[in-house]
Structure formats: C-alpha cells, structure tokens
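Accompanying notes for the structure given below.
Here is the naming used below: chain letters follow the sequence lines, and residue numbers restart at 1 for every chain. Computed over heavy atoms, backbone and side chain alike; hydrogens, waters and symmetry mates excluded.
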There are 2 protein chains.
Amino acid sequence: MKRLTLKDVAKMAGVAPSTVSFVLNGKGKQMRIRDEVATRIMQVAEKCGYEPHRMAVNLRTGQSKTLGLIVESISGSFFASLAKTIETEAERRGYNVVYCSTENNAQKGGELIRMLGRQMVDGYLITPAPGMEKEIQHLVQQHKPIVLMDSYFPSIKTPYVLINNFDGVQQGMKHLIGKGLTKIGFVMVDVKLIQIEERLRGYTTALKEHKIPVKKKHILQLQYHRQREDSLNELQAFIEANPELDAIFFSTNYLGILGLEVIARMGLKMPDDIAVLCFDDHDIFRLYPPGISVIEQPIEGIAKTAIDLLMHQLDKNSGPMKKTAVELPGKFILRGSA
Amino acid sequence: MKRLTLKDVAKMAGVAPSTVSFVLNGKGKQMRIRDEVATRIMQVAEKCGYEPHRMAVNLRTGQSKTLGLIVESISGSFFASLAKTIETEAERRGYNVVYCSTENNAQKGGELIRMLGRQMVDGYLITPAPGMEKEIQHLVQQHKPIVLMDSYFPSIKTPYVLINNFDGVQQGMKHLIGKGLTKIGFVMVDVKLIQIEERLRGYTTALKEHKIPVKKKHILQLQYHRQREDSLNELQAFIEANPELDAIFFSTNYLGILGLEVIARMGLKMPDDIAVLCFDDHDIFRLYPPGISVIEQPIEGIAKTAIDLLMHQLDKNSGPMKKTAVELPGKFILRGSA
DNA sequence: AATTTTAACAAAATCGATTTAGCACAGGTA
DNA sequence: TACCTGTGCTAAATCGATTTTGTTAAAATT
C-alpha cells in the first residue's frame, strides 16, 4: 500500500520519469512529446490516481506553495472571517495556509515569523502588532512577499490593505451628531498603531467640522495590557465622571463589549440613557439588546485584496504593482443602540 | 543571501556532512563521534544559525511533522478554543497544525481529508460531521493515526474524546428540576450524531428519574440545513404552542443563540417568564443579560487528550493504547437565565 | 553522399537532508 | 606475523520529484 511515485507511472507507461514529469506539468509540447505518448501518460496517471509528493516537489522547486497568516488572536472574530476567505482564495490558486496567532504577545510575533521562515512559507499575510516592527522590517529587506492587513507601519514600505478608519468613524459620528447628540465620548486603547490614531482623528475631525468642542476628558485611553476587571472599573469611572455624555463611541469591538458589561452593570439603558456606537462588528452586537450599531469592516474585501497583492508579488513575471496601499470603505450598520 | 545548508556547516567545521547530521540529531555518541568534534560542530551550527531545510528532512524521513485539524466551522467558538490548545500542544512536541473547516458541507469533508492526505499530514484530528463517515473509515483502514473529537461513529473503531454529553445534560436538568421547574422543553437539531442522541437521552432520563412525563411536543427537532429566519420562526411557533413551558434546554449553543433572539422578539423575560439553559458555552452567553446558564465543555481537556491519543499513535515504539475512548465531564455554570 | 537539423525521448544532475555501508588505523590476540 | 576488533569518521545511496544535458534515428540541407 505504498505511495505511487512518478517512477512507477513512468514504468507503467513505458517511458522515462522525466517524460512523465514534462507531460504532467504541461511542458509536453515544449519538450515535443508526441500527443500519443502524452495522452497515454495522462491516462495512466489518471487511472492509478497519481499525486506528486509535495515535499519532493517543494524541495526541488524551492516553493512550498504555502502562505503564512499571522493574526493577533486566532479566537477573535476578525480572524474567523478573514481566515475563511483567505483559505478559499489561496486554495483556488493552489496555495494553502498555515495560521499563527501572536495572542497579543509582542515577543511571540518575532518567533512566529522566524518559525514560518523555517517552514519556508512563500509569503506572509500579517496583521501587525506593535512588537513586530523589526521582524517585518527584516522580511522586507529579504524581499519576502508580504502584505499587511488591518494596520501598517508608516516607516516600512510594504503593501497593505485596511479599512478606511478615518472615514468609518466619520460615518458613525455624523449619524450621532445628526441625531442631535453632541456630548460624545470616545474610548480607545493606548497602543501606537496607525488604525487607532486614524480612528481618533476621525472622531476629533467630525466634532470640529460640526463646531463641537473636543474635550480631553471625553476621551478615555485604556491600557492595552490590563486585567479585564481593571478595565471595566476604569471604564465605569469614566462614565460616572462624565454624566453629561449622551453617547459613547468605542473604537474597537473588544472595548465595546467591555462597554456593554459596564453599561449593564450601571443599569443604564441604550440608547436613551446613553447611545453606543462601536467600530468593528461582532456576533454579540447583533444579538445584544437593543442591537449595537457598528462600523462594519469589509473583511472579505480585505482578505481578497490581500491575497491579490500577495499573489502579485509571488508571480515573478508580473510587473511592478500599481497600487500597494489599499483602503476599503467601512459600512455603517444601524441597530438599536444609537 | 542563500540558505545555509548542512553541507556548508560541514565545510566550515571541516568534517563530512554525515558527521554534522549525526551530531545535530543527537546520534553523535551512537556513531562514536569524539566529543571534541561534536562540540565544534555544534558551535559552528549555532554560530551561523543553521536550520535544517524542512522539506528535505520531510522527504528523507517521510514524516511531515504536521497534523491536520478538521473542524465544522473555523469561525465557531468551539474551534477557537480548540485550535489554541492544540496548536501549542502540537508545537511543544515539534509538530505544526494545518486547519481545515468543512463549513457544514458534507461533501467537502471528504475532499478535505484527501487534500490533507496529499499534503502528507502525519495524523488527523477530526470533529466528524455526518458526511465524513466513509472517508474516516478509509483512513482507519490505511492505519492512519487519527483521533475524533466532540463526536464519533459507533460503527468505526477509532480513538475519540468528547464531553460526557449524557451527564452534562443531567447536571443541567437536575438544576432545573431542583428549582421546581417541571415543564421543560428541549430543542435539538435533527442530525444523526451520537452526541445529539446522548443529550436527548440525558433529557429524557432526567425527567423519568424524577417521575416527570416526557412529552413529545416539548421536544423540538429543528432541521440542520435551514434558513436562519425559518428556524427562528419555527422556534417561536414552538414556544407559542407550548405556553406552559417554564424552561427550555437548548442542546447546542447555536440553537441557544437562536433562542435568545426569539425570546427577545417575543418580549419574554428570563428566567421568570422562561428559564433558559444551554449546552456548550459561548461568549455571548456570558454577556447577554441576565447571563445564560450553560454546560461548559472541557475544551482544553479535550484538546490535550486528543493530542495525547494522537501522539501515542504516532509514537511507533509505544505499546497499544490503554484507553482509546475518553469522556470528560462537563461543567455546569450558573448564570441568571435559569 | 556527407553533414546538419530536428524530433522525441532518455539519462543524469540536482534540491538538502538522513542513513547505511565502508574505510583506515590503532591496539589486542593467537 | 597474520588476524580480528574497535574507533572515528567519510563516501555513497536514498527520498521523489524537476530540469539540464545527451542520445539516437529520421528528415532536411548542401
């Protein structure tokens, strides 16, 4: 019950292994193998279900036909949607994907990238976390095909694709302001990532555009590494300290979920006591009464674009890229909370 | 900037490639390489950061050091928790994992298994879906290392590990009955899987043990492949048709989430209008007011056990297994809904 | 008729490791 | 002195493909 090798097929077809290889790789014409022989080989290979040994092919060609996908958390909802699209798109193109999560561990990011390197992935799809800057820089220097998603480092020249964070927040803010709400709080994390900054910029700009003063005390920066309970308390203190707030914009879904818990704990009712809007959708937001309005990320679009950008790099004989930085629009979804 | 090969290391250390291989694979003593030479080789390898070429090793040894993990849905919460543990446990043992999801597509299961076969995974971790029976049978016949999780086929002799479904439901039912609730509905799907049957058996047995009559109309079997909206309506009809119900036991978290939606839609209050209990925890259940009581699966335990069972099979020189069928206890988590 | 081309494939090198078989020398034995 | 036995390593085979180079017979050219 051993594996069928190319040699076996050659023997069965009465030709040399090289001939079989040529035919099965579509180089039959080029190597002027007679059609008669070619079809015979194809038939034999087909009939006995020959499948080339991946490792052998990889070793010889130097291509693993594998992509590495690195995300912050494999249990996050962002990953869930992303992975599905990326996997199917990759498969369509003859690639498969190995997933890795940094689990919000800065140091682990570097290790992961190196681990993938050992495994010889042909290209990288990464949602960058703060600690990974050096490693990514390193990959770029080695001219490894790479695409960043969801964020990027302004200092490193890489293709990337993400939601238009600024515009997304603007959409949400305009809705709130349009409803006459002006005391709008903004909750964010303190990590130095471009997408966070852009969201904050969206918030302040929207206020300014409507001549609403931006108050520092209406902006809460939670620390990233923090006990869940501590964050909850800090959030509650923030809301209590600003009783005038009639709306809160949570800049990530993680923060939004914390917010729901605090708001429930304080016995506040959405949207009347306080309106809530959140960046990045989540299963919970659909269900949690009265439904949390969100800015939805175009995850499928991000995944597809990312794969396209990566494949373009992997495809040696394709010219330079026209567009290496892509921003896709988010979608405002109105539910009951705002 | 080419890759450093074993040959290069050999040259630098002034020895033959084979010697380097022996030393780096810990066979130095056995091959009676002098300690002096061995340490020199190790130092050289260390200094220039030599990493063996995975594909070459795989080709030669015939082991890919890769496990295939097949789940129903990669975006499910079960997968999320499972994957994390399995990945770290696998890594600890020098294996990596490729994930695949059948996405509830019966036919896709078979394809996936074959795809993984092509990729030469050394072993399989599978949460079996109805359509995969034949393919799994096939793997078993080929003596491929395999462990099933979450469910199994009584007709196929494979190692498996899952929660004790019967006992889990019993725990929940006892709690409900202990609170004096006797009109308890049971919502399940109609797929023929052992874990579903066990849960139903837990329900009926618990009722019988407390001399409560089992009424057929209190059991709702929803069809698996169905539009979300249709299921919601059917569920609502079920609740309306049985106004006497004072509690509902949802046999999967997917059903429970549907239940929450319907209950909200009908304006019922938990737990007073109706108590709710659900099998298999979910993020939403922690947050959704008043908190949904659940039977939590010991996912980490399942993952660890599964890896153990699989490794045992992969380890050629380990005797026959003592225990190939493992049932782990679930944990009843009391929240506000019941 | 001698030489060059071309068709059609076969042989062999190669990828980077592992592993088996083998070789040279030292010391011990008969 | 001839023969074995260990030591300590090297040479070469191998895994299963791809790709470069060779080979042979027939056809075309001079």
Measure [atom1]/[X] against [atom2]/[N] and give the value in whole Å, please.
X: A/F22; N: D/dG16; atom1: CZ; atom2: P; result: 20 Å
X: B/I33; N: C/dT18; atom1: CD1; atom2: P; result: 14 Å
X: A/M31; N: C/dC9; atom1: CE; atom2: C1'; result: 11 Å
X: A/L6; N: C/dA11; atom1: CG; atom2: P; result: 14 Å
X: B/M55; N: C/dT14; atom1: CE; atom2: C1'; result: 17 Å
X: A/K65; N: D/dT18; atom1: NZ; atom2: C1'; result: 14 Å
X: A/D35; N: C/dA8; atom1: CG; atom2: C1'; result: 12 Å
X: A/H53; N: D/dC15; atom1: NE2; atom2: P; result: 11 Å

Below 4.0 Å: OP1/OP2 of [N] and any side-chain N or O of [X]:
X: A/S18; N: C/dA10; answer: no
X: A/R32; N: C/dC9; answer: no
X: A/S21; N: D/dA17; answer: no
X: A/R60; N: D/dA17; answer: no
X: B/K27; N: C/dT19; answer: yes

Do A/S21 side-chain atoms and A/P17 backbone N/O form a donor-acceptor pair below 3.5 Å?
-> no
Would you confirm whether A/Q137, through its side chain, and A/I156, through its main-chain N or O, come within 3.5 Å as a donor-acceptor pair?
-> no
Ranking D/dT10, C/dA17, C/dT18 by distance to the side chain of B/V15, first place goes to D/dT10
N-O pairing of B/R40 and B/E36 below 4.0 Å = no
Can A/D8 and A/R3 be counted as an ion pair, charged N to O under 4.0 angstrom?
-> no
Under 4.0 Å between any heavy atoms, over every strand shown, what does B/N58 touch: base, sugar-phosphate, or nothing? Just pick one.
-> nothing
Please walk me through it: do A/N96 and A/L67 pass side-chain contact (heavy atoms from CB on, under 4.5 Å)?
-> CA-CA 6 Å; A/N96 47 43; A/L67 307 179; over 6 Å; no
First of B/T19 and B/A56 reached from the 5' end of DNA chain C, by closest nucleotide = B/A56
Could you check B/G14 against B/T61 and say which one's nearest nucleotide on DNA chain D is further toward the 5' end?
-> B/G14
